[in-house]
Amino acid sequence: MLVLSRQKDESIVIGDNVVIKVVDVKGGKVKLGVQAPKDVSVHRQEVYDSIHEKDSEKQ
């Protein structure tokens, strides 16, 4: 796992077309903005896990 330090309004770039920006930091919480093409799915981990769990149950 790569661990990066970023401050408010700083970004990281993944590949050529995904940008993650630190929008705000308050009380131990970080707000992130994600810019990605429409064909790239972006989910919180718990939503991603739920989607894949439901897909597994269907099979």
Side-chain angles (χ1 to χ4, degrees):
M1 173 188 296
L2 173 64
V3 178
L4 301 170
S5 296
R6 299 280 71 204
Q7 296 180 13
K8 185 177 175 185
D9 295 326
E10 293 183 333
S11 300
I12 62 168
V13 178
I14 301 171
D16 291 329
N17 54 8
V18 177
V19 178
I20 311 289
K21 181 176 182 177
V22 178
V23 176
D24 198 13
V25 180
K26 274 188 195 171
K29 288 193 176 186
V30 177
K31 282 188 180 180
L32 301 174
V34 180
Q35 287 182 322
K38 291 184 183 208
D39 64 329
V40 175
S41 296
V42 178
H43 300 288
R44 296 185 324 261
Q45 183 71 50
E46 63 274 16
V47 172
Y48 178 87
D49 292 343
S50 177
I51 291 168
H52 287 276
E53 182 180 310
K54 288 177 184 174
D55 287 345
S56 293
E57 290 173 0
K58 290 179 182 177
Q59 294 177 6

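Shown here are the ring-ring contact (aromatic ring centres under 6.0 Å, His included) partners of His43, two or more places apart in sequence or in another chain: there are none. Every salt bridge (Lys or Arg N to Asp or Glu O under 4.0 Å) that Asp24 has, sequence neighbours left out, goes to Lys26. Residues satisfying the side chain to side chain donor-acceptor pair (under 3.5 Å) test with Glu53, not counting sequence neighbours, are none.
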Could you tabulate the donor-acceptor pairs under 3.5 Å formed by side-chain atoms of residues 6-23, not counting sequence neighbours?
from, atom 1, to, atom 2, distance (Å)
Arg6, NH1, Ser11, O, 3.3
Glu10, OE1, Gln7, N, 2.7

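Under a 4.5 Å side-chain heavy-atom cut-off, the cluster of Ile, Leu, Val, Met, Phe, Trp and Tyr residues that includes Tyr48 has no other member.
Listed by first then second residue, pairs satisfying ring-ring contact (aromatic ring centres under 6.0 Å, His included) with a partner in residues 3-36 number zero, not counting sequence neighbours. Among residues at least two apart or in separate chains, there is no ring-ring contact (aromatic ring centres under 6.0 Å, His included) pair with a member in residues 4-40.
Linking Ile, Leu, Val, Met, Phe, Trp and Tyr residues whenever their side-chain heavy atoms come within less than 4.5 Å leaves Val25 and Val3 in two separate clusters.
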